[in-house]
Each structure stands twice: as C-alpha cells, then as structure tokens.
Amino acid sequence: MRIKKDMKLADVIQLNYMLIPVIHRFGINLGFGDKTVADVCKENEVDLNFFLQLVNAYHDKDYFPKEELQTIPVKNIVNYLKMTHSSYLNDKLSEIEQKIISLQSEDTEDQKYILLIRNFFEGYKSELTEHIMHEENVVFPYVLAVEEIIKNQNFTERNREIFESFSIGKYEEGHNDVEEKLMDLKTIMIKYLTPPANSTLYHTIIQDLFKLEEDLNYHSRIEDKVLTPKVILMEKSICNLI
Amino acid sequence: MARSTILIADNSCMIRKGLRSILQNLENSEVIQLIDNKEDVCEIVHKRKPDILIINPDMLPSGCLDAKKEFLNGSKLSLILLSDKKNLKNNLKADGYINYMDGQNTILDMMQEILNKGSFPDKNSETISSREKNILKHIALGLTNKEIADQLFISIHTVVTHRKNITQKLGIKSVSGLTVYAILHNLISMDEVK
Ligand SMILES: [Fe+2]
Ligand SMILES: [Fe+2]
C-alpha cells in the first residue's frame, strides 16, 4: 500500500515499524497523536513531497520514484543523507559494537572467536567511517556549491575553486560497495561459528547486521540513483553557463 | 540443494508481480528481485548473479542478438525470454520461453525442467580443495596475487581463478573475511596475521 499525505502518521508506523528510524532522521519524534503525515511534516518543516517519496521507497522495495526524487533540491537530499550518516556513526555502529563487546565479556572459551568478530567489525567500522567522511568533507560541499552556482547563475571565487577541484564523475567512479564486509560478517556468523553461551545476544547482533545492511542499501541507492544523476545534469548546465 | 535465484525483468508491473506469484509454487527457487527499468538490468544481473534471468526482450540492450552473451561473465545463467510475441523463438536464442498467453502449468513445467537440468550445482556446500586451502592460507597472510603466484610457481591467472572459486564456495568476498575463515579452520594462527 502506498503511503499518502492524509494518512495518520501513527498508522503509517503501525504499517511498517522499520520507518521509525527514517522519520527520526527527518527530526520527527514519536508521540504525534492523530496528526496526519501532512500535519507532522508542516510542523517539523519537512518537505512533504520528499518525505512521501522517500518513505514509500523504504516501505516498498519495488517502488523507487527516481524521477520524482530527482526533483528534490540537492540541499534537502544532502541534509537527509547527513542525518543518516550521523545515525550510523553515532548510534548504529556503536550499538552493534557494544553488543559484540558484551558477548566478549561473558566468561567462556569462545573468547578467541569473539575477539575475531570484534576485530573484523572494528575494521568495518573504520572503513565505513572513512567512506562517510569523504562524502561529508568532499562530495557534499561540492554538490552544494554546484547547486548554489546554478541558483545564482554565477560563480563566487570560493565556488569556482570547489567546482574546479572535484567532479561528480570522480565520486561515481570511487563510490564503493560498503556492504561487502558486512555481508561477509553475517556469513561467517551464520555459517562458520557456533554461537557462544549467550546465544540470544548473538542472534540479536546478526539481526542488527541484516537491518544495517538493508538500511545502507537504501542509503547508497539515494546517492547513486538520485543525487549522482541529478548533479551530472547540473554540471552540464554549468558548463553551458561558462 | 541450494535455492536457485531468479530475476524478472519486464516493463509491466502486472506481469512482474503476476509471474512472481506464479513462481512461488516452485520449490527450491526464489525470485530475488523485480526489475522495471531497462538501464538497471545489466548492473543488477552482475551484482546479484541470479541462476535464472527471465526477461522481456524489450528490456535487453538495443541491437542485442545473442542475449546470453550480454550477461555471461564467467558465471552460469539460464535465460528465459518473456513476451507477448509469438515468433520469439526464431529471433533470439534462450533456454526457455514464456508467452503472456501461457497457462500457469505450462510456465511451471517449463521452469521445473530448467531447474531439473541440474545446471545449478550447490554453490555453497562444496568444500574447498587442498589446493584452494593453500591459496586461502596465503591470502589470509596478506600476500598479493603476484606474491602468491611467485611463491607457488603458478601464474597470476591461476591464482585469480582459485580466488574466485574460494569466494564462491565460502560466500566470503573480502580479504579480512577470508582471514577470519582461515583462522577458524586452523589454516593460520591468530598471531600470524598482521
Ligand atoms: Fe553516504
Ligand atoms: Fe556512500
């Protein structure tokens, strides 16, 4: 079922609880009573159209409104991506890490294997952090500058510098798959390890990894299929400007 | 036997979703993704590496005569064409054909036949050979393909082939993942890892 603007947001969440972290990234907190999607968006100054497209894309795997999403201003897309990044860096990664550490502190002979998992996850964490930092420090400032140039139909000195120092093609080329190691970790935990004494916690970690992978997939999809093609078009129109 | 994976690519959502629900009657197989956009086909096929691709010829790259060639990159793939046109068989080579007018049983029989052909060895239950174990050990120790080739007196090409097979059999892609596997199976010890 497609999510629409006059549905109650509470009903939307009942429909799919996986949307809780998504709406949170828009700065929307739970406790919205009977307010509709449109009401809540207005109250929180969230672009209703963007919200609906994105929530529906998360909700239905077969729905990906590429064209509609590409009409959203770069600034809004970048804001959303940044919120998602910070939820990875500040919450999700450390939550999983904490759980792995708790596994380790159990007094069992599984110590050695858990240390392996922990080291592997640490490696993954720094890989993902590096990936995100590059986007935040290089890619996003670049695309925002591109949008500003188009808006003003004019270069400031600073924007020209940024524009000439990077291109979205470079991003597209180097934008690697951040899910690979995560998939390996899941495989190892499912196929090749016997669960330690605290198997409940072990299972929770695997479920967390599945959720994180799915979330990352959606995230990268926005970067690759919405942001990148949009900026390619903008770059072309700037070249015409010059 | 591992479940065979299927991708369905067609412009029409009724066809995609309808076909998926028909194929749910098949055992040992699973429709892993539906594709609605011509541009995405190649990328998704390469990424998800399905056993079977069911595709409307309209979704193939334009000017494509040998449909299978487009998607084969060393991996096995059965290709089934899906269309409302009658004379499809004469124009394009494929392992099977589904016409929009076919009944459910016709479709299921044809699919079952393809699944039975046994062209899908259980990718993941094969154990790795002792040769592959040896290569895996070297990978886990952090050696590059070139270094492994030099040490074992084999060509780089052979190393690459072994690596591919190891990854396919174990379901692990990254070097760090392979290293963990190697330690768990006592191919190397933990303190040998850099
Ligand atoms: Fe990102
Ligand atoms: Fe990314």
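Quick note: numbers below take in every heavy atom, side chains included, and nothing from hydrogens, waters or symmetry partners. Each chain gets a letter, A, B and so on, in the order the sequences are listed, and its residues count up from 1.
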| Closest non-hydrogen atom pair between B:I172 and A:T187, with its separation | CG1-CG2, 4.4 Å
| Nearest non-hydrogen partners of B:S174 and A:F120, listed with the distance | OG-CZ, 4.1 Å
| What do the steps show when you test B:V180 against A:D184 for side chain to side chain contact (heavy atoms under 4.5 Å, CB included), and what is the final call? | CA-CA 10 Å; B:V180 172; A:D184 283 356; over 6 Å; no
| request: Over all heavy atoms of both residues, which pair between A:Y192 and B:H185 is shortest? Give the atoms and the distance, please. | output: CD2-CE1, 4.1 Å
| So with a 6.0 Å cut-off around NZ of A:K5, is the heavy-atom count from everything else above 12? | no
| query | Should the heavy atoms of other residues, nucleotides or ligands under 6.0 Å from CD of A:E122 be counted, would the total exceed 12? | reply | yes
| said: Are more than 12 heavy atoms, taken from residues, nucleotides or ligands other than B:E147, located less than 6.0 Å from that residue's CD atom? | reply: yes
| Based on non-hydrogen pairs under 4.5 Å, which of B:I35, B:D40, B:L178, B:T179 is most in contact with chain A? | B:D40
| field | Reported NZ-to-CG distance for the pair B:K47 and A:D177, which is rounded to 0.5 angstrom | value | 5.5 Å
| request: Test A:Y113 against B:L184 for side chain to side chain contact (heavy atoms under 4.5 Å, CB included), laying out the working first. | output: CA-CA 8 Å; A:Y113 297 148; B:L184 287 174; 3.4 Å; yes
| message | I'd like to know whether CD of B:E39 has more than 12 heavy-atom contacts from other residues, nucleotides or ligands below 6.0 angstrom. | response | no
| Should the heavy atoms of other residues, nucleotides or ligands under 6.0 Å from NZ of B:K137 be counted, would the total exceed 12? | no
| said: Can you confirm whether more than 12 heavy atoms, excluding those of A:K125, are under 6.0 Å from its NZ atom? | reply: yes
| Engaged part of A:I117 at the chain B interface, taking heavy atoms whose separation is under 4.5 Å | neither
| task | Grab the two heavy atoms, one from B:K173 and one from A:M183, that are nearest each other, plus how far apart they are. | result | NZ-CE, 4.3 Å
| What part of A:K225 is in contact with chain B, defined as an atom under 4.5 angstrom from a non-hydrogen atom: side chain, backbone, both or neither? | side chain
